[in-house]
Peer 1: 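One structure follows; several queries about it will come next.
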Amino acid sequence: METLKILFLGTPDFALFSLRALVEAKREIVGVVTQPDKPKGRGYELLPPPVKVFAESRGIPVYQPATLRDEGFYELLKAIDPNLIVVVAYGKILPQNVLDYPKFGCINVHGSLLPEYRGAAPMQRAIIDGKKVTGITTMKMEAGLDTGEMYEKAELVIGEDDNFEVVHDRLGALGANLLLSTLAKLEAGTLIGKAQDDAKATYAKKIEKEDCRLDFSQSAQKLHNLIRGLSPIPLAFTTLPDGKLLKIVASKVSDCTKSGKPGEVLALDGGKITVACKEGALDLLTLIPEGKKRMSAQDLINGRRIKVGDLLGS
RNA sequence: CGCGGGGUAGAGCAGUCUGGUAGCUCGUCGGGCUCAUAACCCGGAGGUCAUGUGGUUCAAAUCCCAUCCCCGCAA
């Protein structure tokens, strides 16, 4: 069969795992399409996406079209003339004419076991929902949102205290391997697509600001799941009694048996800030107070910014 | 020039408004108590208060000016 000429579409670190694997597997990558540099951070500094930085360092042509839905991009596509498009966390919907272009179609690496968690934030949502297992699916792209035929899957166990960072990195690596496997099957002519059961589909909505607010009238376990799912980015938050933001990097379901009003600080022992929840209590371990650096709970306690009886999140 | 917080002992902070011999909670070191301890008691070391050999002043962590660095928000 003819050599795969791959056009890679991806943007953040998660995509980098797959792109790097393709490069290291000596795949022919005819180009990389990624989001335009965007003003980020303090002072609106223009920052290139991780994928761009890597691709440029390897001498791969990088394209950053504002949209894929105009003639300009289609002309570019014809000029590059890939016979396969691989998409990993690109961040934009591909129009039909692009989907139809490559002879071998468009393959997507998705961070969930489809049809569960279709959409934008599958990894975070799986953790937030307290899932014990998640995974990667490679799939054939079609017009719908993550609805195409599935090729291969790989599972990943989520540990009780695993956070988004851990799951993200493991799934990234898993996704890269699975992609290579899927490409090998494609070349061998043994790749088989399997339709998704739409009835079982769930959607992983994008994470919004309000999704990140801790509500201590929920169970400690749920709050712990939320904190994990949002750590280290964008981070769950609550507020200190003075109204300042307090972001929570790491927590643990507490074995403390005291009880109190939801949000009440029950204890400050052992380097932990123990907060009452509706059910059980939560130990806050690592935090970022507004305007401050990341610090341990003990550091926050030493600084006297918090005391037993304080009410968080009110 | 997007908005805001901050740089004081190894860590986290107070002190800055109302200039006048640098303090708290920890850690650390030594000693004590204890069957024992991350608990408790006593004692000690450790700071050019980001930088400028800057300005004002009898006197600056504190007021003024400039610069560097860190962080939160927003995007």
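Atoms considered below: every heavy atom in the structure, side chains included; atoms not considered: hydrogens, waters and symmetry mates. To find a chain, count down the sequence lines: A is the first, B the second, and so on, and within it residues start at 1. Everything quoted here is computed from the prediction, not taken from an experiment.
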Peer 1: Counting side-chain heavy atoms from C-beta on, which of rU25(B), rA74(B), rA75(B) comes nearest to K40(A)?
Peer 2: rA75(B)

Peer 1: Taking only residues two or more places apart in sequence, or in another chain, which ones meet K292(A) in a salt bridge (Lys or Arg N to Asp or Glu O under 4.0 Å)?
Peer 2: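 Not a single residue meets the salt bridge (Lys or Arg N to Asp or Glu O under 4.0 Å) criterion with K292(A).
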
Peer 1: Expressed in whole Å, how much space separates the C1' atoms belonging to rA60(B) and rC1(B)?
Peer 2: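 Between the two C1' atoms, the distance is 32 Å.
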
Peer 1: Please report, rounded to the nearest Å, how far the P atom of rA74(B) is from the CZ atom of F237(A).
Peer 2: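 After rounding, the reported distance stands at 8 Å.
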
Peer 1: Got a list of protein N/O to nucleotides 37-39 of chain B N/O distances below 3.5 Å?
Peer 2:
none

Peer 1: Take the protein atom CG of L240(A) and the nucleotide atom P of rG12(B), then report the distance between them rounded to whole Å.
Peer 2: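 These atoms are roughly 17 Å apart.
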
Peer 1: Let me know the distance between CD of E45(A) and P of rG2(B), rounded to the nearest Å.
Peer 2: 11 Å

Peer 1: For L235(A) and rC71(B), what is the distance between atoms CG and C1' respectively, to the nearest whole Å?
Peer 2: 13 Å

Peer 1: Both P289(A) and R304(A) contact RNA chain B. Taking the nearest nucleotide for each, which residue is further toward the 5' end?
Peer 2: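 Result: R304(A).
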
Peer 1: Can you tell me, in whole Å, how much space there is between the P of rC69(B) and that of rG52(B)?
Peer 2: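 Result for the P pair: 16 Å, nearest Å.
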
Peer 1: Suppose we define a pair by two distances each less than 3.5 Å, Watson-Crick or G-U wobble; what does rC49(B) pair with here?
Peer 2: none

Peer 1: For D299(A) and rC71(B), give me the distance from atom CG to atom P, rounded to whole Å.
Peer 2: 16 Å

Peer 1: So that I can tick it off, tell me whether R305(A) and D310(A) are bridged by a salt bridge, with the cut-off set at under 4.0 angstrom between side-chain N and carboxylate O.
Peer 2: no

Peer 1: In the structure shown, which nucleotide is the Watson-Crick or G-U wobble counterpart of rC3(B), with both distances under 3.5 Å?
Peer 2: rG72(B)

Peer 1: Linking Ile, Leu, Val, Met, Phe, Trp and Tyr by side-chain heavy atoms under 4.5 Å, what else ends up with M295(A)?
Peer 2: I128(A), I207(A), L214(A), F216(A), L223(A), L226(A), I227(A), L230(A), L240(A), L246(A), I248(A), V265(A), L268(A), I273(A), V275(A), L282(A), L284(A), L287(A), L300(A), I301(A), I306(A), V308(A), L312(A)

Peer 1: Set out, line by line, the N/O atom pairs under 3.5 Å between protein and nucleotides 67-70 of chain B.
Peer 2:
unit_1	atom_1	unit_2	atom_2	d
rC70(B)	O2'	K293(A)	NZ	3.1

Peer 1: Have T147(A) and E142(A) got a donor and an acceptor in their side chains that come within less than 3.5 Å?
Peer 2: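 A pair is found: one side chain offers a donor N or O, the other an acceptor, under 3.5 Å apart.
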
Peer 1: The side chain of N302(A) is closest to which nucleotide in this list: rG2(B), rG72(B), rC26(B)?
Peer 2: rC26(B)

Peer 1: Need to verify one output field. Residue with the more 5' nearest nucleotide on RNA chain B, I288(A) or P39(A)?
Peer 2: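 Here I288(A) is the residue nearer the 5' end.
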
Peer 1: Taking any strand in view, what nucleotide pairs with rG27(B) in a Watson-Crick or G-U wobble way, both distances under 3.5 Å?
Peer 2: none

Peer 1: Using a cut-off of strictly less than 4.0 Å, decide whether K244(A) has a side-chain nitrogen or oxygen near OP1 or OP2 of rG4(B).
Peer 2: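 No.
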
Peer 1: Has K292(A) got a side-chain N or O lying under 4.0 Å from the OP1 or OP2 atom of rC13(B)?
Peer 2: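 Indeed, a polar side-chain atom of K292(A) lies that close.
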
Peer 1: Provide the distance between the two P atoms, one in rC42(B) and one in rC33(B), to the nearest whole Å.
Peer 2: 15 Å

Peer 1: Is it true that H224(A) and S251(A) share a donor-acceptor pair across their side chains at a distance under 3.5 Å?
Peer 2: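 Present: a donor and an acceptor within the cut-off.
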
Peer 1: For the side chain of R305(A), counting heavy atoms from C-beta on, which of rU25(B), rG72(B), rC13(B) is nearest?
Peer 2: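 Shortest atom-to-atom distance from the side chain points to rC13(B).
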
Peer 1: In whole Å, what separates the P atom of rU53(B) from that of rC71(B)?
Peer 2: 28 Å

Peer 1: In the strands shown, is rU62(B) matched to any nucleotide by a Watson-Crick or G-U wobble pair with both distances under 3.5 Å, and which?
Peer 2: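 Paired with no nucleotide.
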
Peer 1: Expressed in whole Å, how much space separates the P atoms belonging to rC24(B) and rG44(B)?
Peer 2: 12 Å

Peer 1: Given atom CG of L300(A) and atom P of rC24(B), what is their separation to the nearest angstrom?
Peer 2: 20 Å

Peer 1: Determine, step by step, whether K222(A) and D215(A) satisfy the salt bridge (Lys or Arg N to Asp or Glu O under 4.0 Å) criterion, reporting the C-alpha distance in whole Å, the side-chain angles of both residues, the deciding distance to 0.1 Å, and the verdict.
Peer 2: CA-CA 10 Å; K222(A) 277 193 174 182; D215(A) 173 7; over 6 Å; no

Peer 1: For G111(A) and L171(A), work out which heavy atoms get closest and say how close.
Peer 2: O-CD1, 4.0 Å

Peer 1: Are K205(A) and E210(A) close enough for a salt bridge, meaning some N to O gap below 4.0 Å?
Peer 2: no

Peer 1: Could you measure the distance from the CD atom of E149(A) to the OG1 atom of T138(A)? Nearest 0.5 Å is fine.
Peer 2: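 So the CD of E149(A) and the OG1 of T138(A) are separated by 11.5 Å.
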
Peer 1: Between rA14(B) and rU25(B), how far apart are the P atoms? Round to whole Å, please.
Peer 2: 15 Å

Peer 1: Reckon K209(A) touches a base, only the sugar-phosphate, or nothing at all at heavy-atom distances under 4.0 Å?
Peer 2: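 Since only primed, P, OP1 and OP2 atoms lie under 4.0 Å of K209(A), the category is sugar-phosphate.
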
Peer 1: How far does the P atom of rG27(B) sit from the matching atom of rG12(B), given to the nearest Å?
Peer 2: 15 Å

Peer 1: Could you state the atom-to-atom distance from CE of M295(A) to P of rC71(B) in whole Å?
Peer 2: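 Answer to the nearest Å: 13 Å.
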
Peer 1: Whole Å only: how far is the CG atom of D242(A) from the C1' atom of rG5(B)?
Peer 2: 12 Å

Peer 1: Taking the P atom in each of rG43(B) and rG55(B), what is the distance between them to the nearest angstrom?
Peer 2: 43 Å

Peer 1: With a cutoff of under 4.5 Å between side-chain heavy atoms, which Ile, Leu, Val, Met, Phe, Trp and Tyr residues group with L235(A)?
Peer 2: V249(A), I288(A)

Peer 1: Which is it for R118(A) and D198(A) under the salt bridge (Lys or Arg N to Asp or Glu O under 4.0 Å) test, yes or no, and what are the steps along the way?
Peer 2: CA-CA 11 Å; R118(A) 291 172 175 174; D198(A) 288 341; 2.7 Å; yes

Peer 1: With sequence neighbours left out, write down each residue that passes side-chain contact (heavy atoms from CB on, under 4.5 Å) with Y74(A), or none if nothing qualifies.
Peer 2: L77(A), K78(A), N97(A), Y101(A)

